[in-house]
Q: 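Pasting a structure here, questions to come.
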Amino acid sequence: MIRVLIPAHLRTLAHLNGEVQLEIAGEATMQSLLNALEAKYPMLLGTIRDQVTHERRPFVRFFACEEDYSHQPPETPLPASVVNGAEPFLIVGAMAGG
Amino acid sequence: MSQVRVLVGTRKGAFILNSDGKREHWNVSGPHFAGWEMYHLKGSPADPNRLYASPSNGWFGQLIQRSNDGGKTWEPMGNKFEYDGIPGTHQWYDGTPHPWKFARVWHLEPSLTDPDTVYAGVEDAALFRSTDGAKTWEELSGLRKHGSGPSWQPGAGGMCLHTIILDPRDEKRISIAISAAGAFRTDDAGKTWRPINRGLTSEGLPNPNAEVGHCVHHIAAHPSRPDVLFMQKHWDVICSNNAGDSWQEVSGNLPTDFGFAIDVHAHEPETIYVVPIKSDSEHYPLDGQLRVFRSKSGGTEWEPLTQGLPQKDCYVNVLRDAMAVDSLDSCGIYFGTTGGQVYASADAGNNWAPVVRDLPAVLSVEVQTLQ
């Protein structure tokens, strides 16, 4: 079970109180994680990445195991400790706005 | 007993203001979608409990939400706004080609007859339509592709399609406005479009009378006379008596003819309202006095309406979609300010009072008259 933390605005949108738990079939990558997240919570479509290009939205960042995955290719495998649920995958709204 | 429901979009969410027909006491609900910019929300004329809303923010992009119970509960709808084909380029501020890219929805216009049909005006400028209650969206790309699109440039607020006017006599006729391209009209339900800017003069343009390139701020029409359009341009208040085929200036004795909002009295098609703003670099009323100006003759002769409005030290703005009217016997006029006030007049503008004073900056105001 993969654990995902999403920003407060998106938790409200998806009617979530805490972290998301996802089952991913096949290799666990950032792309398959986001696919699974959007399939389970379709109201999140377009909020994390563009629906057409799948480009990450500029003010959204990805972190795991204290590493910034924001600029990694979508097919980047998730670290083992995220895959086994020891660590969450963090989707973060960047601090911005002055 | 009649009721009035005022839908207010703000920088940090939506608020819904309810009152009975007297419009003396108000119930305020909100914020709905707290923290999200609400450029616009509007109810369906065909089903007043069907509301469409367009929350967005810089982090998480554009959402579309729908309510079937007058705003008590909401559900997420489709937010995929994909331009038809390869979008190409328009001009950037410096005149260089700039790729067309979706940024946000500025305006939602529900069909006059079908609760499931709704139009969305977006930035970068395009018109989308949904016929399934906002689940899916299709671009009416004849507008963007009619020929002048590559020459369009954004106004200071972005290249937004902000005004959509549906003709109650003919559902195939739609007029729209874009900052800073101008006004356009289709007579075949969006397949083909043409500019309707003859008579507009914009001194900042290389050709002040150009066919496109004008910074139209808002257009209003009375449903009983859909061929009569009233426009607040960047500078100038102007009028067309032939659905935009030609325009004449009606700024008349306004103290300044810069502004954003314009609207028409519900029962007097010649009575119109504007809120003059000092200038394009000073987005606040002249002399710190918040004044609505009313013309009972379709423009040219204007009178200031001040009773109940702040007449000193007031430096707010009233944005293009932030004025609306109700259709009660004594027509109510409403407008919101960037200072977070929503003012209402239950007597066609003679007397005003704030409904709320301390909301986030108001981006849009719409009114539903409920029987």
Q: More than 12 heavy atoms of other residues, nucleotides or ligands under 6.0 Å from CD of Glu75(A): yes or no?
A: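 Above 12, so yes.
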
Q: Under 6.0 Å from the CD atom of Glu138(B), do we count more than 12 heavy atoms belonging to anything else shown?
A: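 Counting neighbours around CD of Glu138(B), 12 or fewer heavy atoms of other residues, nucleotides or ligands fall under 6.0 Å, so no.
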
Q: Distance check, rounded to the nearest 0.5 Å: Leu63(B) atom CG versus Met43(A) atom CE?
A: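 One finds 10.5 Å between CG of Leu63(B) and CE of Met43(A).
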
Q: Whether the side chain of Asn79(B) engages the backbone of Gly46(A) through a donor-acceptor N/O pair (distance < 3.5 Å, no angle test) should be reported.
A: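 No, because the side chain of Asn79(B) does not come within donor-acceptor range (under 3.5 Å) of the backbone of Gly46(A).
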
Q: If we only count heavy atoms from C-beta on, is the Val60(A) to Phe60(B) side-chain gap below 4.5 Å?
A: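 In contact.
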
Q: Might you confirm whether atom CZ of Phe63(A) has over 12 heavy atoms from other residues, nucleotides or ligands at distances under 6.0 Å?
A: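 Yes - once you tally the heavy atoms of other residues, nucleotides and ligands closer than 6.0 Å, there are more than 12.
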
Q: Got a second to check how far Leu13(A)'s CG is from Trp74(B)'s CH2, nearest 0.5 Å?
A: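 Reported to 0.5 Å precision, the distance equals 13.5 Å.
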
Q: Looking at side-chain heavy atoms only, is the closest gap between Trp59(B) and His9(A) below 4.5 Å?
A: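 SC-SC contact between Trp59(B) and His9(A) ruled out.
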
Q: Look at atom CG of Asp358(B) and say whether more than 12 heavy atoms of other residues, nucleotides or ligands are closer to it than 6.0 Å.
A: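 Not more than 12 within 6.0 Å, no.
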
Q: With a 4.5 angstrom heavy-atom cut-off, is it the side chain or the backbone of Glu75(B) that approaches chain A, or both, or neither?
A: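 For Glu75(B), no heavy atom lies under 4.5 Å from chain A.
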
Q: Above 12 or not: heavy atoms from other molecules or residues under 6.0 Å from NZ of Lys101(B)?
A: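 For Lys101(B), atom NZ is not crowded (no more than 12 foreign heavy atoms under 6.0 Å).
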
Q: Looking at CZ of Phe102(B) and CD of Gln51(A), how far apart are the two atoms once the value is rounded to the nearest 0.5 Å?
A: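 Result: 9.5 Å between the selected atoms.
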
